[in-house]
K.L.:
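Please find one structure pasted underneath; my questions will follow.
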Amino acid sequence: GNDRPTRPAQLAKTHQQTLDHWPGARPPAEPVAPPEGGWLVVDLFASVGGVSAAAAAEGHTVVLAVEMEQWRLDVHKENHPNARHECLKLGPGSDERVEALIRELVPADQWYRLWIHASPPCTCQSGIRNVGKRRNHSNFAELDADQRNNHDLVRWTLALIERLDPPQWSLEEVDDSKTSGTGFVKDSGVRGALQSVKRRKRELVDYDVFEMVCFGVPQERQRLIAGNIPRRARDRCLGAGKRRLGDGYSRWRQNHSGH
């Protein structure tokens, strides 16, 4: 838009935002209060811990980080020594282990404080891979295969969210709706997976695409952010007239008052 920061002067004025500010390009006038004691954050596909760092900076507690590469977990552990670190390849077959870890670290009487965040790998879905390459069947068929594999991880993540029904969750991905290769069915991509869940449980999920430069990220790139971030934060960030994300925390407390 016309109010998007431009280099160098305006961009220099941007500052790094954190987890609570993801719903929109402007922070809310008044922050939405988290549960007493803060969120207990589970960081899936954690890498070195970007989201964990943001959560900790906001006063929340990172209780679990799961990543398949040990060196990334080692970096994460340096910054979050009190969190549980699990070197595990997430996806089909890891469900029982992941759920057991979450339930171990977030007991029933604290379940209302659970925030699950997931950042499934996105590099294989980015159209940047084909920049400078010939638009032939071989190049785009390779991208299609990688995208399908990564979409499986997105669907696995959403299935986990549906089963656990946490009071709060979020997901970061690339918007791959314009990066498919030859013969790719776009509705089966990231947006398609999210929309499929939304059709069944509208109150559980909403999503939008954001310009991350507006959040202090030193790159001009877009990210698709999904979750059930409280609608009050959505309203304050983006203003009236925008689609609202479900108030996951309040909904969960109403449906699970016996916890």
Side-chain angles (χ1 to χ4, degrees), residues 14-22 34 37-106 110 113-126 128-129 146 149-154 156-158 160-161 164 166 168-176 190 210-227 229:
T14 62
H15 59 281
Q16 181 65 52
Q17 303 292 352
T18 52
L19 197 63
D20 286 345
H21 302 129
W22 269 7
W39 296 106
L40 301 178
V41 180
V42 170
D43 196 351
L44 303 179
F45 307 96
S47 187
V48 297
V51 169
S52 293
E58 289 288 295
H60 308 304
T61 302
V62 180
V63 296
L64 174 64
V66 183
E67 168 59 42
M68 66 178 290
E69 295 186 306
Q70 185 61 50
W71 73 267
R72 297 179 187 271
L73 273 182
D74 291 342
V75 175
H76 192 288
K77 188 179 295 186
E78 287 292 321
N79 295 301
H80 307 277
N82 295 323
R84 177 79 168 267
H85 293 84
E86 189 77 8
C87 189
L88 178 67
K89 184 177 181 180
L90 294 170
S94 65
D95 308 61
E96 291 186 6
R97 178 58 178 163
V98 172
E99 292 186 31
L101 284 168
I102 293 174
R103 295 188 184 280
E104 174 189 347
L105 296 168
V106 185
Q110 295 294 307
R113 298 173 58 195
L114 172 62
W115 186 317
I116 298 177
H117 174 78
S119 300
C122 61
T123 54
C124 290
Q125 299 176 183
S126 174
I128 197 70
R129 290 183 56 199
D146 287 340
N149 290 335
N150 282 274
H151 292 158
D152 287 343
L153 292 179
V154 172
W156 175 86
T157 300
L158 293 175
L160 178 73
I161 294 298
L164 293 179
Q168 206 64 261
W169 70 275
S170 55
L171 178 144
E172 177 194 8
E173 259 295 346
V174 297
D175 178 22
D176 63 347
V190 176
F210 299 94
E211 297 283 352
M212 301 311 289
V213 69
C214 297
F215 299 86
V217 178
Q219 295 181 8
E220 292 189 352
R221 62 180 181 178
Q222 294 181 331
R223 282 293 180 270
L224 187 152
I225 306 298
I229 301 170

K.L.:
Quick check for you: to the nearest 0.5 Å, what is the distance between Leu90 atom CG and Thr157 atom OG1?
P.N.:
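Taking CG in Leu90 and OG1 in Thr157, the distance rounds to 7.5 Å.
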
K.L.:
Pro166 pairs by side-chain contact (heavy atoms from CB on, under 4.5 Å) with which of Ile102, Ile116, Val42?
P.N.:
Ile116

K.L.:
Should His117 and Leu171 count as side-chain neighbours, where that means a heavy-atom distance under 4.5 Å?
P.N.:
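No, too far: nothing below the 4.5 Å cut-off.
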
K.L.:
Which pair of heavy atoms, one from Gly49 and one from Asp43, lies closest together, and at what distance?
P.N.:
CA-OD2, 4.5 Å

K.L.:
If you take all heavy atoms of Arg113 and Gly37, which pair is closest and at what distance?
P.N.:
NH2-O, 2.8 Å

K.L.:
Give a yes or no on whether Glu96 atom CD has more than 12 heavy-atom contacts from other residues, nucleotides or ligands under 6.0 Å away.
P.N.:
no

K.L.:
In the structure I gave you, are the side-chain heavy atoms of Arg72 and Val48 within less than 4.5 Å of one another anywhere?
P.N.:
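A side-chain contact under 4.5 Å exists here.
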
K.L.:
Can you measure from CG (Leu73) to CD (Glu78) and round to the nearest 0.5 angstrom?
P.N.:
12.0 Å

K.L.:
Only counting residues at least two apart or in another chain, list the ones meeting salt bridge (Lys or Arg N to Asp or Glu O under 4.0 Å) with Asp74.
P.N.:
none

K.L.:
Check whether any side-chain heavy atom of His151 sits under 4.5 Å from a side-chain heavy atom of Val190, and report yes or no.
P.N.:
yes

K.L.:
Can you tell me how far CG of Leu114 sits from CH2 of Trp39, rounded to the nearest 0.5 angstrom?
P.N.:
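Reported to 0.5 Å precision, the distance equals 8.5 Å.
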
K.L.:
With the side chain counted from C-beta on, respond yes when Trp115 and Val106 share a heavy-atom pair under 4.5 Å apart, and no when they do not.
P.N.:
no

K.L.:
Measure the OG-CE distance between Ser47 and Met68 for me, rounded to the nearest 0.5 Å.
P.N.:
11.5 Å

K.L.:
For the side chain of Asp95 and the backbone of Gly93, is there at least one donor-acceptor N/O pair under 3.5 Å apart?
P.N.:
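Checked: pair present.
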
K.L.:
Measure the spacing between CZ of Phe45 and CD of Glu173 and express it to the nearest 0.5 Å.
P.N.:
9.0 Å

K.L.:
Show your reasoning for whether side-chain contact (heavy atoms from CB on, under 4.5 Å) applies to Gln222 and Glu211.
P.N.:
CA-CA 5 Å; Gln222 294 181 331; Glu211 297 283 352; 3.0 Å; yes

K.L.:
For the residue pair Glu104 and Leu101, establish whether any side-chain heavy-atom pair is separated by less than 4.5 Å.
P.N.:
yes

K.L.:
Answer whether the closest heavy-atom distance between the side chains of Pro120 and Trp156 falls below 4.5 Å.
P.N.:
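In short, these two side chains do not touch, never coming nearer than 4.5 Å.
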
K.L.:
Can any side-chain N or O of Arg84 pair as donor or acceptor with the backbone N or O of Leu105 at less than 3.5 Å?
P.N.:
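Absent.
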
K.L.:
Measuring from Leu153:CG to Leu44:CG, what's the distance to the nearest 0.5 Å?
P.N.:
11.5 Å

K.L.:
Would His76 and His85 count as a side-chain contact (heavy atoms from CB on, under 4.5 Å) here? Give the steps.
P.N.:
CA-CA 8 Å; His76 192 288; His85 293 84; 2.9 Å; yes

